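Side chains included, hydrogens not; waters and symmetry mates left out as well; all remaining heavy atoms used. Just so we're clear, the structure is a prediction, and the values are computed from it rather than from any experiment. Just so you know, ligand 1 is whichever comes first in the structure, and atom 1 is the first atom listed for that ligand.
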Amino acid sequence: MRQIKSLSHLGKQIMVIDKSKRNLMYGLGGAGIGVLALSAANRFSFISKTTFKAASNELRIPPLLDSRNGQNIAIDIQDGKHEFFPGILSQTKGFNGSYLGPTIRMYKGETTKITFNNLLDEPTTIHGHGLHVDGRWDGGPQNIIKPGEKLEYQLNIIQQSGTSWYHPHFMGKTAEHVHAGLAGMYIIEDQNSLSANLPKRYGIDDVPLVLQDRTFINGVIKTYSVTPEQIMQGLQEDSLVVNGTINAYKDVPKGWVRLRLLNGANARYYKLTLDNGGSFYKIATDGGFLNKPVPISELTIAPGERNEIMIDFSDGLDKRLLADFQSPEGEEFFTSLFTSSHSVLEMRVNTQLEPRGSLPVNLNDIRPYNINDVKVTRHFELQMGEGGEEGQSNSSMDTHNMFSINGRSMDMAFINHESKKGQLELWKISGENMRHPFHMHGTSFLILSQNGNEPKPEDQGWKDTVNVDEGVTEVLLKFDVTADSQSPFMYHCHILEHEDAGMMGQFTVL
Ligand code: C2O
Ligand code: CU
Ligand code: CU
């Protein structure tokens with residue numbers, strides 16, 4: 001059992017909570033070997049025999065806004081009332097709707113104008129996670145849209161096809177705003193994706209899936225609030241919501257189906273499998289296609305990550321995608337005892353739907369960087385509990401300064417480093433105490449080593465978010481766009497509670 005280190009740096013309240021949790025753990029451990037053995041057996045039968053009732057709600061598909069349709073795209077950021085359970089309304093936030101937002105399709109080589117109109121009664125920012133655009137269009141913490149104001153973005157798309165997303169990035173409020181429902185997908189197309197013989201009918205056989213966990217009390221969403229302990233561990237809730245739908249089903253053609261998965265959770269990792277134990281193919285990472293499809297039978301997706309997978313329904317059998325909830329603290333014995341499977345999507349074969357597209361043999365032509373071309377090596381140590389500059393306040397309830405990178409909590413007035421456009425860099429990243437999904441703005445990288453190991457074949461693609469732990473993760477990257485000190489790029493942990501509490505830094509690219 002890993003314990004949170006450096007308790008002396010935490011407020012008294014956290015110590016009490018943590019101690020009672022530890023007592024609870026010991027209490028369980030002390031219940032005896034017989035009980036533990038029984039639990040393990042239960043767990044096996046639980047996982048292999050979990051049966052789900054037929055899903056009751058048709059999967060919501062976010063509306064598609066295609067930038068080639070001529071009109072400029074206008075998005076209202078608004079408060080809403082969303083119906084998660086029939087007849088019960090929850091207070092939420094959304095883009096042009098009550099929860100989440102439209103999928104926006106853009107094309108490489110074209111500039112898309114999008115106006116975000118802030119109808120909330122508070123300021124926010126809208127960041128394009130995964131986009132390679134100049135800092136002024138990045139929507140970082142400096143690019144504030146005040147209540148009643150709007151901002152027109154000009155997104156000049158220079159990157160290859162892939163699935164990115166947009167979400168607020170207001171300093172200290174990202175977790176709350178995303179949790180309320182503010183997230184949407186960007187789909188980028190290019191010559192390669194348009195000519196590939198893949199399923200590409202949006203919402204039919206090319207299906208966006210935004211995965212989030214939320215708490216419901218009598219059918220009403222629990223609005224965002226966190227205890228100091230939840231800031232430490234990241235907010236982990238117990239009901240799975242997919243595209244704002246609970247317990248979702250979807251009709252699919254008797255052929256190939258492509259799923260664009262986005263982990264939009266505040267902190268949870270999801271381990272995805274098919275209920276028949278069968279394999280599926282991963283075809284894309286965060287920033288584009290893999291060179292070839294990689295067959296896998298389970299896929300762990302960290303907060304902020306996207307993956308595209310292909311599932312074959314030509315056998316005519318219905319299948320269910322499952323998610324095991326995982327804590328960032330990992331799969332240690334106790335947590336794994338309580339791992340539970342959730343239904344992401346019940347997929348029902350409907351022979352009325354004509355199958356189209358297939359699984360290509362080749363998808364991409366990724367040219368690896370040459371390590372000998374590296375001009376700068378940077379180190380990033382994600383820290384909990386021991387950070388904070390000398391002299392920064394550290395009152396007992398001020399968790400902010402306990403979260404840091406390289407000993408420094410996020411400070412909007414301080415530029416942590418300067419990168420040079422076009423220069424190859426090696427970033428070496430590690431994180432304390434638990435897994436952290438590390439992300440940086442403005443580019444995609446290739447993984448050289450992940451937590452000390454060679455990256456798995458299904459991770460050898462363009463990425464902007466990577467799961468790091470105490471081992472060293474090395475990534476190679478360069479920037480094709482610029483960001484000045486007025487609107488710098490961020491790097492941070494994508495556990496949103498950690499990000500808001502200061503596990504973030506900023507840099508320019510000139
Ligand atoms: Cu998805 Cu800086 O964020
Ligand atoms: Cu981002
Ligand atoms: Cu973290």
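With the Cu ion (ligand 3) as the vertex, ND1 of His498 and SG of Cys493 span 120° to the nearest 10°.
No salt bridge links Lys282 with Glu458; every basic N to acidic carboxylate O contact stays at or beyond 4.0 Å.
Among heteroatoms of the N, O or S kind in His492, NE2 lies nearest atom 2 (Cu) of ligand 1. Atom ND1 is the N/O/S atom of His436 found closest to the Cu ion (ligand 3).
Residue contact annotation: His167 places an N/O/S atom under 2.8 Å from atom 1 (Cu) of ligand 1. The distance from atom 2 (Cu) of ligand 1 to the nearest N/O/S atom of His127 is not under 2.8 Å. Look at His494 and atom 2 (Cu) of ligand 1: no N/O/S atom of the residue is under 2.8 Å from the metal. Look at His129 and atom 1 (Cu) of ligand 1: an N/O/S atom of the residue is under 2.8 Å from the metal.
A donor-acceptor contact closer than 3.5 angstrom is absent between the side chains of Glu298 and Thr273. For the residue pair Asp76/Asn117, the side-chain donor-acceptor check at 3.5 Å is satisfied.
Checked options His494, His177, His179; the residue passing with His167 is His494 (criterion: ring-ring contact (aromatic ring centres under 6.0 Å, His included)).
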* Asked: Are Thr163 and Glu308 close enough, and set up right, to give a side-chain hydrogen bond (donor to acceptor under 3.5 Å, both in side chains), and what steps lead you there?
  -> CA-CA 8 Å; Thr163 306; Glu308 282 182 46; 3.3 Å; yes

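Judged by the 6.0 Å distance and 45° axis criteria, Arg105 is not positioned over the aromatic ring of Tyr186.
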